[in-house]
Every structure is written in structure tokens, then in C-alpha cells.
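Below is one structure; the comments refer to it alone.
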Amino acid sequence: MPMPAIDVAGFEASSAGSYEDTPVPQPAEAPAGSPGLTRVARGGAINLFGAFISAAATLGLTVVITRSFGRSAVGTFFVATSLFLIVEAVTNLGAYNGTIYFIARLRALNAERRIPAIIRATLIPVAVSSVIGAAAVIAFAHPLAGLLAGHTSDGVSSAAVASTLRVLAVALPFAALADTMLGTARGYHEMRPTVVVDRILRPSFQLLGVAAAAAAGTSALLAPLWALPYLPATITSMIWLRQIVRRHDVRLAAGPAARPTALADAAVADNRHGKPNAKGFWRFTAPRSVASVAQIVIQRLDIVLVGIIKGPVDAAIYTAATRFLVAGQLGNAAISMAAQPQLTKLFAIRDRSSANTVYQVTTAWLILLTWPLYLLAIVFGPSVLAIFGRSYHAGSTVMIILAFAMLVATGCGQVDMVLITTGRSSWSLVNGLLAMAINIGVDLALIPRLGITGAAIGWAAAIAITNLVPLVQVAVAERVHPFGPGMAAACALSVVSFGAIPLGLRILAGPTPAVSIGAIALGCAVMALGLWRLHGTLHLSAM
């Protein structure tokens with residue numbers, strides 16, 4: 001599943017402000033002025049490799065489905081899987097957010113003895129909630145199918161859609177538990193399980209399953225073969241997490257005792273931050289759970305609404321046009337998951353200067369990774385959509401609208417993550433709910449009149465809210481921001497290499513395939529030269 005774009009945990013601060021009034025000594029492993037960029041870069045590089053594989057598999061899956069089945073069948077499948085991901089976000093209770101933050105913070109404060117209580121407070125509620133969610137989907141499969149299949153025109157029946165929903169419901173508990181266990185592993189700063197399981201193995205097996213369904217020529221196999229990889233993903237995640245916990249326990253037992261000081265113990269137990277027990281954990285996690293649901297609703301509900309209001313054909317076109325956006329989000333997730341534990345630790349020890357450095361540098365890296373994709377989507381939108389088939393050209397406007405929105409979003413960096421790790425998860429929750437309300441309101445107002453273009457406008461508005469509002473909040477409340485020399489260099493280099501050069505050559509020489517390939521090649525050369533000349537400003541040596 002797409003990683004809930006990028007989503008990290010933080011503390012629920014009181015209305016009086018953040019937790020700066022409780023001083024905490026700085027552990028020797030993270031002294032002030034040491035932002036840990038090398039560690040972030042190392043984790044980011046591992047995640048980027050996985051993100052590349054996942055993006056390729058996601059794109060390949062979309063190409064296989066769109067070229068092998070009718071657009072009604074394609075749209076119905078994407079609507080059903082989008083609904084699955086929304087329900088999964090609800091039933092996993094946002095627990096992975098809590099485990100990531102609590103484990104990373106407790107380790108930073110030498111309070112590892114409290115970690116087992118956090119893990120115990122996580123998995124059982126998620127298992128129970130996801131089973132209840134699966135039962136609800138199965139129970140309401142028929143009315144949901146009638147709603148989703150109401151506009152089909154090429155033989156996709158309500159019974160077939162209901163069968164698809166029931167199959168996906170069976171996979172729901174496995175998906176929720178895998179998410180939670182992989183998040184727990186990231187709390188230990190272990191990125192490999194997420195990369196291997198969630199970024200490489202699961203999407204690759206899903207691609208193979210969809211290809212097998214296409215080879216068999218039956219859309220009835222799409223959902224079962226797409227959902228099946230969640231079972232081995234969950235088993236692998238469980239085994240890997242147990243090994244990580246045991247290895248960590250052995251290391252603690254073999255090393256010198258690191259007892260938390262009285263001040264660190266008081267900071268851990270502070271009610272505003274969530275006590276390290278079941279009650280405190282869920283008190284902290286509840287706002288993030290709702291925020292996670294809001295995020296996935298923003299990402300996926302428009303597909304469902306397009307399918308219901310305009311039909312599966314439009315939903316298929318809209319989904320295909322937004323696949324590039326998913327690829328860009330995977331790059332965002334790669335850096336976010338690596339920076340998340342480090343930012344958590346730096347804010348925990350009050351090293352705001354180093355946290356600001358990490359924020360600015362990772363924003364520059366994120367721009368270098370994603371702006372080329374979005375700029376090329378703006379310049380070559382219709383040509384890009386040709387890989388899905390000629391009938392999908394209608395989605396080019398959607399691609400351009402969302403590409404401009406994502407240029408703004410990535411220019412803000414991982415601003416929501418920064419907001420949360422400063423201790424203001426309630427602010428993030430309000431932002432997410434506001435964005436979700438705007439997204440749904442704009443969708444309902446514009447989709448009936450503008451179709452998929454209206455859905456794109458709604459999503460773009462939500463993207464703007466979820467980035468610009470927290471950008472102002474972190475600047476005012478914590479005096480941190482993404483703007484710096486590295487960000488300016490990354491923006492200029494990306495715009496020249498993949499905006500000005502391709503667009504200029506297309507205007508001068510025409511939009512032929514040879515000109516397009518040459519423009520992209522020249523842009524890559526300019527980008528490489530710029531990276532070499534500006535490697536110090538961009539902190540590329542950390543890579």
C-alpha cells in the first residue's frame with residue numbers, strides 16, 4: 001500500500017505550548033550542533049532504492065491493468081482498492097505513528113525499559129480493530145457494490161464488485177498489522193524491513209499477480225492476486241520485528257547500564273507527552289490516528305467519489321493520471337522515514353538548531369528528487385499518459401494541475417512531520433481535518449460539473465492547506481523553516497534542467513519524440529553538472 005504519505009508521530013502538546021519548559025540532558029550520541037545528516041542520508045538512500053522499485057511496480061501495475069482490461073473494470077478495481085486503503089487507515093488506528101515516536105524518544109532518553117509496554121499496547125488493539133473493519137466491509141459489501149457499480153458499461157456486475165470487496169476485506173487485518181509492525185521497526189531506526197517488505201516485495205508480487213490475471217484474461221482474479229501478498233508481508237514483518245527487538249535486548253544486556261536521569265524520567269512521564277503505558281500511548285496516538293485517516297482520505301477518496309458520481313471509466317482515467325503523483329510521494333516517504341527518528345531525537349533533546357538544519361537539507365534533497373518528475377509532467381503531460389493507452393489522454397489536465405500543486409508542497413518540505421515532532425499533533429489534526437473538509441466540499445461541488453478536473457482541483461486545494469498552513473505554524477511557534485541556500489539551489493537547478501530547457505527546446509524545435517528525448521538528456525547533463533558544482537551547498541557529501 002502506498003505509504004501513508006508520509007506520516008510520522010509526535011507529541012500531543014497542551015494548549016499552553018510545547019514541551020520546552022522541561023529541560024532534558026542531551027545524550028552523548030546526539031550532541032547539540034550534530035544534526036546527524038549522514039545517518040539521515042544513509043537511511044534515505046536505502047529508502048530511495050525501495051521507493052524506486054515500488055514506484056516502478058506501481059506504474060507497471062497500472063500499465064498492465066489499463067492495457068489489459070476495459071476502463072469500467074479498471075475503474076472499479078481502483079475504486080475498490082482505494083476504499084480498501086481508506087478502511088485500512090481507519091482500522092490500523094494510526095498505531096504505527098505512536099510506536100515510531102515513543103520508541104525513538106525513549107531510546108534517546110535512555111528509557112528503553114519502557115518500550116515493551118508500548119509494543120504490547122499496540123498490536124492487540126490493531127488486530128481487533130482490523131478484524132471488526134473486515135467484518136463490516138463483508139457485511140456491507142452488497143450495498144457498497146451497488147453504489148460503486150452503478151455506472152459500469154462493459155459487463156462489471158454488482159455481484160462481481162461485491163466479491164472484490166469481500167476478498168479485499170480478508171486481507172485487511174494483515175495489511176493493518178504489517179503497517180504497525182513496520183512502523184515499530186522504524187522506531188528502532190531500522191529502515192530495511194519497510195524497504196524490503198513494503199517497498200520491494202509486496203508491490204513486486206502484486207505486479208506479478210496482476211500480470212497473471214491479465215494473462216488469464218479475467219478481471220475476477222485482479223483483487224485476489226493483488227491482496228494475496230499482504231499475507232507473506234505480515235508474516236515477514238512479524239519475524240523481522242522479533243529479531244530486531246531481541247537483538248536490541250541482547251545489546252542492552254551486554255552493554256553498560258544506561259539509566260535515565262531524574263529529569264529525563266520526568267520528561268518521559270509528562271502527561272502532555274503521553275505516559276509510556278497503554279493509556280498514555282493511545283491518548284497520544286488518537287489525534288494522529290484521525291489525522292492519518294484524513295491524509296488517506298485526501299489521497300484516495302476523490303477516486304471513490306469520481307467512481308460514484310461520474311462512473312468507473314472516469315475513475316480509471318483519473319487514477320492513471322495521478323500515478324505520477326504516487327511516484328513522487330514515494331520519494332517523499334523515503335526521506336521522511338529516514339529523517340523522522342532523527343528529528344524526533346533532536347526535538348526531544350531541545351536541539352532546535354540541528355533540527356532546523358535537517359529540515360532545510362532534507363527539503364533540498366526532496367526538491368532534487370521530485371521536482372524533475374513534476375516539471376516533466378507539466379511539459380510532457382499528454383505524452384506521459386500515452387503509456388496507458390490513447391483513451392487516457394483526457395487526464396492530462398489533471399496531471400498538470402496536480403504537478404503544480406506538488407511543486408508547492410515539496411517546496412515546503414516535510415512540514416507536517418516537523419510540526420508533529422515539535423509536540424503539536426493536535427495542530428496537525430486540525431490542519432488535516434480542514435484539508436479533508438475542503439477536499440470533499442470542492443469535489444462534491446465540482447465533480448458533477450467538471451468531472452475529473454474538479455477532483456484534481458479539490459485535491460490541489462487540500463495539498464495547499466496541508467502544507468502552507470503548517471509552514472506558517474512551525475515558523476511562528478518554533479522558528480524553523482525549510483528556506484535556505486540549499487533549497488534555493490535545488491529549486492533553481494531543477495527548474496532550469498527540467499523546466500526551462502525541455503520547454504524551450506519543444507517551443508523552438510517542435511514536440512517530436514527526438515526533441516523530447518534530447519531535451520531530457522540535456523536537462524540531466526545540466527543537473528549532473530549543477531550537483532557537482534553545488535555539492536557543498538546541497539550537503540551531498542552526507543550521501
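Residue numbers start at 1 and run along the sequence shown. Remember, it's a predicted structure, so these values are computed and weren't measured experimentally.
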Worksheet item: With distance as the sole test, does S68 use its side chain to make a donor-acceptor pair with the main-chain N or O of I65 at under 3.5 Å?
Response: no
Response to the item:
Note: P193 and A185 closest approach over all heavy atoms is CG-CB, 4.1 Å
Item to complete: For the residue pair L366 and T363, establish whether any side-chain heavy-atom pair is separated by less than 4.5 Å.
Response: no
Practice prompt. Taking the side chain as every heavy atom from C-beta outward, state whether L201 and P229 have any atom pair closer than 4.5 Å.
Written response: no
Worksheet item: Rounded to the nearest 0.5 Å, what separation is found between the CG atom of L61 and the CG atom of L222?
Response: 8.5 Å
Response to the item:
Nearest heavy-atom approach of M436 to A294 is SD-CA, 3.8 Å
Discussion item. Within this structure, what is the CG-CD distance for the pair N439 and Q299, rounded to the nearest 0.5 Å?
Written reply: 10.5 Å
Worksheet item: Between atom CD1 of I303 and atom OG1 of T322, what is the distance when rounded to the nearest 0.5 Å?
Response: 5.0 Å
Worksheet item: Are any side-chain N or O atoms of R199 and backbone N or O atoms of F52, one a donor and one an acceptor, separated by less than 3.5 Å?
Response: no
Item to complete: Could you tell me how the ring of W226 sits relative to the ring of Y230: parallel (under 30°), tilted (30 to 60°) or perpendicular (over 60°)?
Response: perpendicular
Worksheet item: Are E190 and R247 close enough for a salt bridge, meaning some N to O gap below 4.0 Å?
Response: yes
Worksheet item: Under the side-chain contact (heavy atoms from CB on, under 4.5 Å) criterion, do L407 and L375 qualify, and how do the steps go?
Response: CA-CA 8 Å; L407 289 177; L375 290 167; 4.0 Å; yes
Practice prompt. For Y374 and V408, run side-chain contact (heavy atoms from CB on, under 4.5 Å): C-alpha distance rounded to whole Å, both residues' side-chain angles, the deciding distance at 0.1 Å, then the answer.
Written response: CA-CA 11 Å; Y374 301 135; V408 175; over 6 Å; no
Discussion item. Main chain of T194, side chain of R186: is a donor-acceptor contact present, judged purely on distance under 3.5 Å?
Written reply: no
Worksheet, complete the sentence: Between the CZ atom in F498 and the CG atom in L522, the distance rounded to the nearest 0.5 Å is 9.5 Å
Discussion item. Going by the rule salt bridge (Lys or Arg N to Asp or Glu O under 4.0 Å), which residues pair with R506 if we only count those two or more places apart in sequence or in a different chain?
Written reply: none
Worksheet item: Strictly by modelled atom types, are T466 and N431 linked by a side-chain donor-acceptor pair under 3.5 Å?
Response: no
Item to complete: For the pair I401 and W459, evaluate side-chain contact (heavy atoms from CB on, under 4.5 Å) and give the outcome as yes or no after the intermediate values.
Response: CA-CA 9 Å; I401 291 172; W459 194 357; over 6 Å; no
Worksheet item: Checking N356 side chain against H481 main chain: does a donor-acceptor pair fall under 3.5 Å?
Response: yes
Practice prompt. Report yes if some heavy atom in the side chain of W427 is under 4.5 Å from a heavy atom in the side chain of P470; otherwise report no.
Written response: no
Worksheet item: What is the distance from atom OG1 of T319 to atom CD1 of I452, rounded to the nearest 0.5 Å?
Response: 9.5 Å
Discussion item. Set out, in order, the CA-CA distance, both residues' side-chain angles and the distance that settles side-chain contact (heavy atoms from CB on, under 4.5 Å) for V297 and I86, then state yes or no.
Written reply: CA-CA 6 Å; V297 165; I86 292 173; 4.2 Å; yes
Item to complete: With the side chain counted from C-beta on, respond yes when P482 and L471 share a heavy-atom pair under 4.5 Å apart, and no when they do not.
Response: yes
Worksheet item: Which pair of heavy atoms, one from G395 and one from I317, lies closest together, and at what distance?
Response: N-CG2, 3.7 Å
Worksheet entry | Side-chain (S497) to main-chain (S494) donor-acceptor, under 3.5 angstrom | no
Worksheet item: How many angstroms lie between atom CD1 of I457 and atom CG of D302, to the nearest 0.5 angstrom?
Response: 12.5 Å
Practice prompt. Indicate yes or no for a side-chain donor-acceptor contact from T58 to the backbone of S54 under 3.5 Å, with no hydrogens or angles considered.
Written response: yes
Worksheet item: If only atom types and distance count, is the side chain of T234 paired as donor or acceptor with the main-chain N or O of F174 below 3.5 Å?
Response: yes
Worksheet item: If you look at every heavy atom in G209 and L225, which pair is closest and at what distance?
Response: O-CD1, 3.2 Å
Just list the side-chain donor-acceptor pairs under 3.5 Å for residues 523-532, sequence neighbours left out, or say none.
none

Worksheet item: Which atoms form the tightest heavy-atom contact between I367 and P372, and what is the distance?
Response: O-CD, 3.6 Å
Fill in: Flag side-chain contact, heavy atom, 4.5 Å: Y392 against T66
yes
Item to complete: Say whether, by atom type as modelled, one donor and one acceptor occur between the side chain of Q360 and the main chain of F483 under 3.5 angstrom.
Response: yes
Discussion item. Can you confirm whether V480 sits close enough to R352 that some side-chain heavy atom of one is under 4.5 Å from a side-chain heavy atom of the other?
Written reply: yes
Worksheet entry | Backbone of A233 reached by a side-chain donor or acceptor of T236 within 3.5 Å | no
Worksheet entry | Test item: L419 and V415 side chains (from C-beta on) under 4.5 Å apart, heavy atoms | no
Practice prompt. Looking only at non-hydrogen atoms, find the nearest pair between S219 and F69 and report the distance.
Written response: N-CE2, 3.5 Å
Discussion item. Can you confirm whether T184 sits close enough to Y96 that some side-chain heavy atom of one is under 4.5 Å from a side-chain heavy atom of the other?
Written reply: no
Worksheet entry | Short side-chain to backbone donor-acceptor contact, W365 and L538, under 3.5 Å | yes
